[in-house]
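Below, each value reflects all heavy atoms present in this structure, side chains not excepted, and no hydrogens, waters or symmetry copies. Count residues from 1 along the sequence.
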Amino acid sequence: MTKAELIGVMANEAGITKAAAADALDAYVAAVTKELKKSGRLGLVGFGTFSVVKRKAREGRNPQTGKAIKIPAKKVVKFKAGKTLADKVK
């Protein structure tokens, strides 16, 4: 599903315009991003938990040449689905 498709579904389900749904989605993404930068964790009961984890530096391979390369350490966002969401997806 693309962002445009998600906005369309949100607008239909909530009975609002696509512009209002787009604004709501943008506000949600901004709030999640801000909270992850601030505390590194955001939990939505029944949906899941977003968290920031540190990935260690490691050695990888260039797929074209097979040559060893260094992959630097970085922070990545992890999502763990909540029980309610996991049960609905089964």
Rounded to the nearest 0.5 Å, how far apart are CG of Leu42 and CZ of Phe79? 9.5 Å

Residues, nucleotides or ligands: over 12 heavy atoms within 6.0 Å of Glu5 CD: yes

Joint cluster assignment, Leu36 & Val45, ILVMFWY side-chain distance < 4.5 Å: no

Does Ala21 have any side chain to side chain contact (heavy atoms under 4.5 Å, CB included) partners at least two apart in sequence or in another chain, and if so, which? Ile7, Met10, Ala11, Ile16

Side-chain donor-acceptor pairs of residues 48-68 under 3.5 Å, sequence neighbours excluded:
from: Arg61; atom 1: NH1; to: Gly66; atom 2: O; distance (Å): 3.2
from: Asn62; atom 1: OD1; to: Gln64; atom 2: N; distance (Å): 2.8
from: Thr65; atom 1: OG1; to: Lys67; atom 2: N; distance (Å): 3.2

Those residues that, when tested against Tyr28, pass ring pair (Phe, Tyr, Trp, His ring centres under 6.0 Å) (two or more places apart): none

Throw together a table of side-chain donor-acceptor distances under 3.5 angstrom for residues 81-90, partners on residues two or more places apart or in other chains.
from: Lys83; atom 1: NZ; to: Asp87; atom 2: OD2; distance (Å): 2.8

Give every residue pair that meets the salt bridge (Lys or Arg N to Asp or Glu O under 4.0 Å) criterion with at least one member in residues 16-27, sequence neighbours excluded. Lys3-Asp26

Show me the side-chain donor-acceptor pairs of residues 69-78 shorter than 3.5 Å, one per line, residues at least two apart or across chains.
none

